[in-house]
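Below is one structure, written out as structure tokens; the observations come after it.
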Amino acid sequence: MQANIVLLPGDGIGPEIVSEAVRVLGAVSDKYGHTFSFTEHLMGGCSIDKYGSSLTDETLADCQASDAVLLGAVGGPKWDDPMAKDRPERGLLALRKGLGVFANLRPVKVHPALIDSSPLKPEKLKGVDILVIRELTGGLYFGWPKGRDSKDGRMRAVDTLEYYDYEIRRVIELAFRLALGRKKKVTSVDKANVLETSRLWRQIAVQVGSDYPSVALEHVLVDTASMRLITGPVHMDVVVTENMFGDILTDEASVLAGSMGMLPSASLGASGPGLYEPIHGSAPDIAGKGIANPIGTILSCAMLLRHSLQLEKEAEAIEQAVDETITFGARTGDLGGKLSTRQMADEIITRI
Ligand code: NAD
């Protein structure tokens, strides 16, 4: 197979981890006889510095024309001014919107050999295998009106939480489809006791669920869900929720795995290229030292192969190589070891 992948290494540790992930993709293409071509662009803070824009039209157009996009991370103290005209995160939101990727998938699995790296008790973590799906392009982060005004001498700020039925339906349908290939359970998270958008969310979850009789559906309020993620994560399979709840719950879920450096993500739309990135940020505290854990990015490549290129066997080859590497005892600093970013990638490549 031939595929055109756009690379957006971004800021901080982004370039270090993306270059290792590209070597892993190279090992896969050599082994299975594929041709992956790569086009690289600046995005985020580095793009603001060079072009005055966190995401240029040319970069977005190239991403839209590709088969898949692999992103490192964006941001850093240099671009942290909340009042700045452009910020790295703006580029990320514009990229998601421009690609029409409405569902963010974050699998959270706890490797048995890393169970002690998690702040949770080992007995709570055994067998945890959750897929959190967050709605990505609607809700409070995009609703209109938003902004500030002043009334009667008081300053007022407004954000709007709105959802259309189709925005809810497409992400819940994806959750059910993916649950079919897993433990066949969907937990739909909302705040239906308070929010009208949540009541619509719940209504549509029930409608969609009736098309999937073999999948169990439960509704859980977001406050309860945040507790259950800690007290009984093993009972969860696919969790689907709206944008802001998902933003918070996905970070909470990531703690289960012990290190931010381990977890991948995929953002998918109805068609067109998917966007793949580790869940962590640009880690400015360790940038440039060559010690970042590349596994989150490497596992994001496995998701890229699976969801955008339909290369299931190749995706599993990466996941298995990562599994064996961890079982063997290879560890970067975040996992209590001494391996460099490159050495960790080498361990994985050897096993591919
Ligand atoms: P962060 O995820 O960058 O770092 C949090 C901690 O985890 C740090 O101690 C860091 O060293 C460590 N860490 C993260 N990834 C690691 C890896 N691969 N290997 C080893 N250790 C790792 O979060 P932060 O410090 O809150 O944010 C730093 C910058 O990243 C900010 O500018 C933030 O806006 C940005 N950010 C970007 C994204 C993104 O690009 N999607 C996501 C989150 C944060």
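Side-chain atoms are counted along with the backbone in the values below, which use heavy atoms only and exclude waters and symmetry mates. Whatever order the structure lists ligands and atoms in, that order sets their numbers, starting from 1.
Sorted by first and then second residue, the pairs that involve residues 321-345 and meet salt bridge (charged side-chain N to carboxylate O under 4.0 Å, His left out), not counting sequence neighbours, are Glu20-Arg342.
The shortest side-chain heavy-atom distance between Leu70 and Glu277 does not fall under the 4.5 Å cut-off.
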message: Evaluate Leu305 against Gln310 for side-chain contact (heavy atoms from CB on, under 4.5 Å), listing each step before the verdict.
response: CA-CA 6 Å; Leu305 296 174; Gln310 282 71 49; over 6 Å; no
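Under the rule for a ring pair (Phe, Tyr, Trp, His ring centres under 6.0 Å), Phe102 has no partner lying at least two apart in sequence or in another chain. Remark: Lys191 engages Asn193, Val194, Leu195, Ser198, Val222, Asp223, Phe245 in a side chain to side chain contact (heavy atoms under 4.5 Å, CB included) (not counting sequence neighbours).
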Please tabulate, one line per pair, the protein N or O atoms found under 3.5 Å from any N or O atom of ligand 1, giving the distance to one decimal.
from     : atom 1 : to     : atom 2 : distance (Å)
ligand 1 : 2 (O)  : Gly281 : N      : 2.7
ligand 1 : 3 (O)  : Gly281 : N      : 3.4
ligand 1 : 3 (O)  : Ser282 : N      : 3.2
ligand 1 : 3 (O)  : Ala283 : N      : 2.7
ligand 1 : 9 (O)  : Asp285 : OD2    : 2.9
ligand 1 : 11 (O) : Asp285 : OD1    : 2.9
ligand 1 : 11 (O) : Asp285 : OD2    : 3.0
ligand 1 : 15 (N) : His280 : ND1    : 3.3
ligand 1 : 18 (N) : His280 : NE2    : 3.2
ligand 1 : 18 (N) : Asn293 : O      : 2.9
ligand 1 : 19 (N) : Asn293 : N      : 2.8
ligand 1 : 30 (O) : Ser282 : N      : 3.1
ligand 1 : 30 (O) : Ser282 : OG     : 3.2
ligand 1 : 32 (O) : Gly76  : N      : 2.9
ligand 1 : 34 (O) : Glu89  : OE2    : 3.1
ligand 1 : 40 (O) : Val74  : N      : 2.8
ligand 1 : 41 (N) : Glu277 : OE1    : 3.3

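Ring planes of Tyr164 and Tyr166: tilted class, angle from 30 to 60°.
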